[in-house]
Amino acid sequence: MKQESRAPASGAMPSCDAKIPGSDGSLVPLLRDALGVRAAASWAVREDEFWCRATPVESTMARQGWKLHLAATTPTAGAVLQRSLPVLLDARVPFKFAATLAGVHALNSSHAPRSSAGKFLTVYPGTDEQCAELAEALHLATVGLNGPVILSDRPYRRGSLVHYRYGSFVDQRVLTNDGLYRNIIRGPSGEALTDRREARYTPPDWARSPFADAEPLPRRRRRRQPILLGDRFAVKEAIRHANKGGVYRARDTFTGAEVVLKEARPHAAAGPDGTDARDLLRVEADALRTLAPLGVCPRVVSLFDHGGHVFLAVEQLTGAPLRKWVVDGIREHGSRGHLPAGLRMAARLAAKLEAVHGAGLVLRDFNPNNVVVVDGEPWLIDFELSVPVHRPAERPAIGTPGYAAPEQLRGDPAEPTADLFALGATILFVLTGAHPIIPDDRPSGRPLRDRLALWLPTVSAVELPAPVTSLITGLMDDDPAARPGPERVREVLAAPPGREPRPARCEPFSGVEWQEAVDGIVDHLLATMDPHNGEALWPVARDIHDPCNLQHGAAGPLAALALYHRLRGGDRVAEAIATAVDWMRLRAERDPFRTPGLYFGRAGIAWALHDAATAIGDHEATDHAVRLAKELPTTWLSPDITHGMAGLGLTALHFWQVTGDPEFAKRARLSADALSRSAREDADGPFWQTADDADSDFAGRRFHGFAHGTAGIGCFLLAAAELGGPAYLDAAESALRPLQRHAVVDDSGARWRSSPDRKGPVLPHWCSGSSGVGTFLVRLARATGNPTARDLAVRAAAAAVDHAWRGPVGQCHGLAGNAEFLLDMADHLEEPAYLATAHRIAHAIFARRVYRDGLTVFPDAEGGVSVEWADGLSGVLGFLLRLRYGCPRQWTTGQADRP
């Protein structure tokens, strides 16, 4: 997905009648200037990274009600704020606004969340009457200025910048049964209801609108009527929706041909120069008309306006996106077998790009998402960012992460060398299936070419030909002048591959590299822990998760530090653990409800607290963790490991193993018995699912994987057999049947879809795919000698290895989780080859390292640095410690020492 920079273009100034002081695009001086006339001491002004909030000091804001949103674009934001301030300050009503032009641009960007896009200024009226008065006054104040329609709201008047919706004014949220925070409003009787934040106007039925003259809501059609756009194109279905507009499949009623329609909404994705998504779509149409005769792209059918929106109809290409062509090719033929076809595709892509440059255009968005392969021939799509060669940048920097050249992201004039960078990144993906998203060091240090030279050998199961590797790293050089030209590209890609590609070398991951990785993670965990923050002990990417839980919260880093201290000691670590234990105990008590599950709730918190308190010898905290574990239920509405009964039973089994307390053995049996009773049977074998009427996103659904399905449940039942229940062993072995039945087996291994009830991709990772299913299968094979379980485990390992070189670093969906499974294979099957491959995966993780303030850390799937267990540093640390010391896998049982 393209990302737009949060920094405004240099020197960009909003138009209309506003003057923005300073050169950083800050809008806050407008407020402070206005307050200077109106006794600033009577207003509280607070800024954060995005918003500026202004509240009268005597104000007591309501918790919910009808609120107003004003839309704006980058050019009009200053004028909208300047004209609105007299109204808002005179009314002494709380409000907030995007503090900078960069924030305004982000709110309006092409792929901004549709439910919040365009909301530049938010007003919190005290009463319905004040809401109606302010809406009229703000509408009159801003008439004539431009801004997008806010999709989640209702416009106050047709064409008005003022919109309204009913919702929460302050942070009202509760933890759900799935361990996520849900935004709520209170109903007429005080009941908690979801505060629906959708890309359409959805007021509660009981909330009476304060606007008596509002137009009635359109009635929903009882029958689905075909939508005809431009009096010609019958829309069949939406391909995707975005803030800038949708993409649809349609039929041309004039010719009967199938077409693709791209929509551009007025004032969406508006730049500092006033151009918006409509202008970008017209640019794309011009580029297509220029390039279609060259056999590079689809043909334009029509460009037309409809209801103020611009639509572009192009001929539909019947083929697969390049990203799918690559993944399918590697999966079908393996990395070695795919290489010749990949090199041929790379040569064709280079030829298409050379034709574009010959026509005097620079694409600026050449990547695998914008290529469709039809009968082996690549066709380019999505030309909205294309510009003539040498044109200066007119918008904030834009591009697709990993594929956009550094100078493009800086906003330099468009040159073909920027597309050559994208070509190198795309060739890399075509040959390996890995997206070259390599975050920068901070402060910057190593050149990208050097980092690529380390990273590239770790993302393929075979060595690429040396000239191809040099070509890729050369094309992706930070210096545009150092990138090889089209002649060299043609020469390298036309040459035969040379010798048969060999499997990449595999050496133990140990010594200085291991030490650097582990020290960097531990030091980062210690440096970023903030016990004074009452909301989150470590920085979080999203605040929808329980800040204490194992999957995404503090329990994961705490348990990783506890494991490190048990193995390596250290006073600094012990002090941090003690601080974290105290913080967790206090913070966990703040939410009146918390789901009991292992990965998303109280069970994981109790387990992590016990591990941590034991590591530092805090007996009072250890006893507290035991009490928490005894307060857990033994049954729950979901059956799985992450949220439900299997995880509760596994937690009880762990506490029995480490404390010897027979009450925990009883609790584990109760959970195992409840799971046995709740199993259902169909032709494939037993299955478990959350009840249809459960208050959960998983209601009525069943899964194969370890996190949510059969594999995790089977793993617990197998472990519970230690308590002397042969029925549990039989139940665990019966769970093999549906997994065998639904395995998708090919030359590259065995994979599973997430659910037997839904179509979807076959998956390789811990949460829902091969790595997690194999985690159960190898244990079953070891316990029972079942040859089918062993064979499927071996095939699952092959699939995990095949994926390992292309995934992110984490436990849930990435390299660390796959490598942990390979260590399971080595332990349970006594096969040293799996240990060697786990070491190679550790090298692949290390090659992805970045430096933050001198510390070695590892980026998550989004390119950030997260400390969480699921996708971040804690899971990587747990794997590296196990690799070095051979300790048991975290969050499993059966290998712990009895007291």
Distance-minimising heavy-atom pair for [X] and [Y]:
X    : Y    : value
L343 : L431 : N-CD2, 3.6 Å
Q408 : A418 : OE1-CB, 4.0 Å
A434 : V459 : CB-CB, 3.8 Å
W752 : A796 : CZ3-CB, 4.0 Å
R751 : D746 : NH1-OD1, 3.7 Å
A72  : A77  : CB-CA, 3.8 Å

Does T400 form a side-chain hydrogen bond (donor to acceptor under 3.5 Å, both in side chains) with D365? I'd like the steps, not just the answer. CA-CA 7 Å; T400 298; D365 201 21; 2.7 Å; yes
Do [X] and [Y] have side chains that get closer than 4.5 Å, going by heavy atoms?
X    : Y    : value
L281 : F311 : no
R282 : V310 : yes
I381 : C297 : no
I427 : L349 : no
L471 : L493 : yes
L423 : F366 : yes
R265 : K244 : no
R344 : V430 : no

Polar contact flag, side-chain donor to acceptor under 3.5 angstrom, D441-S444: no
Tell me yes or no: between the side chains of H357 and D419, is some donor less than 3.5 Å from an acceptor? yes
With a 6.0 Å cut-off on the ring centroids, do F233 and Y248 count as close?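 Centroid separation for F233 and Y248: 6.0 Å or greater.
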Looking at the rings of H333 and H338, which for Trp means the six-membered one, are their centres under 6.0 Å apart? no
Would you call K262-D382 a salt bridge at under 4.0 Å N-O? yes
Is it true that R449 and D477 have a side-chain N and a carboxylate O under 4.0 angstrom from each other?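 So R449 pairs with D477 through a salt bridge.
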In terms of ring plane angle, is the pair H813 and H765 parallel, tilted or perpendicular, where the classes change at 30° and 60°? perpendicular
Among V372, V327, N367, T426, find the one that has a side chain to side chain contact (heavy atoms under 4.5 Å, CB included) with L322. T426
Residue pair T458, R848: steps toward the side-chain hydrogen bond (donor to acceptor under 3.5 Å, both in side chains) verdict: CA-CA 9 Å; T458 71; R848 288 156 169 77; 3.2 Å; yes
Backbone N or O of G864 within a donor-acceptor pair of the D860 side chain at under 3.5 Å?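 It does hold such a pair.
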Report, as yes or no, whether the 6.0 Å neighbourhood of atom CZ on R795 holds more than 12 heavy atoms from other residues, nucleotides or ligands.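 No, because the 6.0 Å sphere around CZ of R795 holds 12 heavy atoms or fewer from other groups.
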